[in-house]
Amino acid sequence: MPVRIPDHLPAAEVLESENIFVMSETRAANQDIRPMKVLILNLMPNKIETETQLLRLLGNTPLQVDVDLLRIHDKESKHTSIDHMNTFYRDFEAVRHRNYDGLIITGAPLGQIDFEDVVYWDHIREIIDWSQEHVTSVLFLCWAAHAGLYHLYGLNRKILQQKRSGVFVHRRTSQHFPLLRGFDDEFFAPHSRFAEMNVEEIRQHPQLQLLAESDEAGAYLVLSRNNRNLFVMGHPEYQKSTLNEEYQRDLSQGLDPNVPQNYYRNDDPKADAIARWHSHGSLLVSNWLNYYVYQLTPYDLSDMTAMTPWESR
């Protein structure tokens, strides 16, 4: 089924070239279907690249999805034109009164800054709090996962001396969760971050469940016990070239970064990168959208109290 996106969004041309079914607002308006309504809070600098990555995953599910794009503020972006932002993005005040089936909050290049020192931290907290009453399920990615665990559950991260960058092997720590259906015993996922969560603190927290971890990269998938919040510590949405682009950018800025682990063939940055995580990323988002959004969300989004608990399914 298609993802419904704004007319003329640049991601449409890329996705259509990959045979991913996207549908314009105009065409979708003529269909009598109750689509899933998903809001994306995009905190990444290159908005268009991140839009495309997330829409690629959403477009690989059997559900029709209507997507709204949200920005954290109306300041000019260094990497995305003001025309693009004004045309395709909404301010929070424009959606505050609405309910959504799902919300995705992206990562952000803020890994070495204390949460309270982030310029828009109060806005992030406000949107997270709003989501707990207005959204069926929230998917937090990378920095947003750390921010959400900190704000909602009081867990703080540890800042790393070196950026953790690469593609790492993960294993399931639980077997019988719908989110993990179809997962192999071990699977790959990319990471790109300057901090990590304490695995034991997550395990001991009464409101959280650790579903997947890595010996090298630590906690990866954490789910709240009420199934409303999913925290993903890595970047399953990344395309094949993203880690290389980040590595080359850091080199050009004189940061002396480590070579992303398990990413280039023979760990040689002059060789080709190997994408090992795309199937996992698609399955993860598909399972989240199906089991934690579609099967729990009320048909009438105006009544969030009508959500179906897992126990009754």
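Not measured: the values here are computed from a predicted model. In what follows, residues are counted from 1 in the order of the sequence shown.
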Note to self: To check you understand the geometry: which heavy-atom pair defines the closest contact between T61 and L58, and what is its length?
What the structure shows: OG1-O, 3.0 Å

Next item on the list: For S286 and L283, indicate whether the former's side chain and the latter's backbone hold a donor-acceptor pair under 3.5 Å.
Entry: no

Item checked: Test side chain to side chain donor-acceptor pair (under 3.5 Å) applied to S137 and Y291, Y294, Y100, W288, the passing residue -> W288

Note to self: Quick check with a 6.0 Å cut-off and a 45 degree axis cone: is R276 positioned over the face of F188's six-membered ring?
What the structure shows: yes

Next item on the list: Of all the heavy-atom pairs spanning N229 and L152, show the shortest one and how long it is.
Entry: ND2-CD1, 3.9 Å

Next item on the list: Assign the ring pair F187 / F183 to parallel, tilted or perpendicular, where the plane angle (0 to 90°) is split at 30° and 60°.
Entry: perpendicular

Margin query: Can you classify the ring geometry of Y220 versus H170 as parallel (below 30°), tilted (30 to 60°) or perpendicular (above 60°)?
Written below: tilted

Notebook entry, point to check: Do the side-chain N and O atoms of Y89 and D68 include a donor-acceptor pair separated by under 3.5 angstrom?
Noted result: no

Note to self: Just to verify, which of E213, E186, E216 counts as forming a salt bridge (Lys or Arg N to Asp or Glu O under 4.0 Å) with R171?
What the structure shows: E213

Margin query: Please report the interatomic distance CG(L55) to CG(N60), rounded to the nearest 0.5 Å.
Written below: 12.5 Å

Next item on the list: In sequence, state the C-alpha distance, the side-chain angles, and the governing distance for H84 and E51, and then conclude on side chain to side chain donor-acceptor pair (under 3.5 Å).
Entry: CA-CA 12 Å; H84 181 87; E51 294 159 15; 2.8 Å; yes

Next item on the list: Write down the atom of P45, the atom of T80, and the distance for their closest heavy-atom approach.
Entry: O-OG1, 3.3 Å

Check: Using a distance-only test with no angle check, is there a side-chain donor-acceptor pair under 3.5 angstrom linking N290 and R181?
Finding: no

Notebook entry, point to check: Would you call E126-R96 a salt bridge at under 4.0 Å N-O?
Noted result: yes

Under 3.5 Å, which donor-acceptor pairs do the side chains of residues 265-274 form with other protein atoms, sequence neighbours left out?
{"residue": "D267", "atom": "OD1", "partner": "N262", "partner atom": "N", "Å": "3.2"}
{"residue": "D268", "atom": "OD1", "partner": "K270", "partner atom": "N", "Å": "3.0"}

Margin query: So if I apply the side chain to side chain contact (heavy atoms under 4.5 Å, CB included) rule between Y292 and each of V138, N287, L179, which one comes out positive?
Written below: L179

Item checked: Donor + acceptor pair across side chains of T242, Q53 (<3.5 Å) -> yes

Next item on the list: Over all heavy atoms of both residues, which pair between P298 and D303 is shortest? Give the atoms and the distance, please.
Entry: CG-O, 3.3 Å

Next item on the list: Would you give the length of the straight line joining atom CZ of R203 to atom CG of N198, rounded to the nearest 0.5 angstrom?
Entry: 9.5 Å

Item checked: Plane angle bin for H73 and Y120 - parallel if under 30°, tilted between 30 and 60°, otherwise perpendicular -> tilted

Notebook entry, point to check: Does the side chain of E201 pick up a donor-acceptor pair with the side chain of Y153 at under 3.5 Å?
Noted result: no

Check: How many angstroms lie between OG1 in T106 and NE2 in H235, if you round to the nearest 0.5 Å?
Finding: 8.5 Å

Notebook entry, point to check: When the ring centroid of F168 is compared with that of H191, is the distance short of 6.0 Å?
Noted result: yes

Check: What pair of heavy atoms forms the shortest contact from R193 to C142, and how long is it?
Finding: CB-SG, 3.9 Å

Checklist line | Donor-acceptor side-chain pairing of Q207 and S224 below 3.5 angstrom | finding: no

Can you give me every donor-acceptor pair (side chain of residues 108-116, partner residue at least two apart or in another chain, under 3.5 Å) with its distance?
{"residue": "E116", "atom": "OE2", "partner": "Y150", "partner atom": "OH", "Å": "2.4"}

Next item on the list: In sequence, state the C-alpha distance, the side-chain angles, and the governing distance for L54 and V67, and then conclude on side-chain contact (heavy atoms from CB on, under 4.5 Å).
Entry: CA-CA 10 Å; L54 292 174; V67 172; over 6 Å; no

Item checked: Closest non-hydrogen atom pair, M233 against A145 -> SD-CB, 3.9 Å

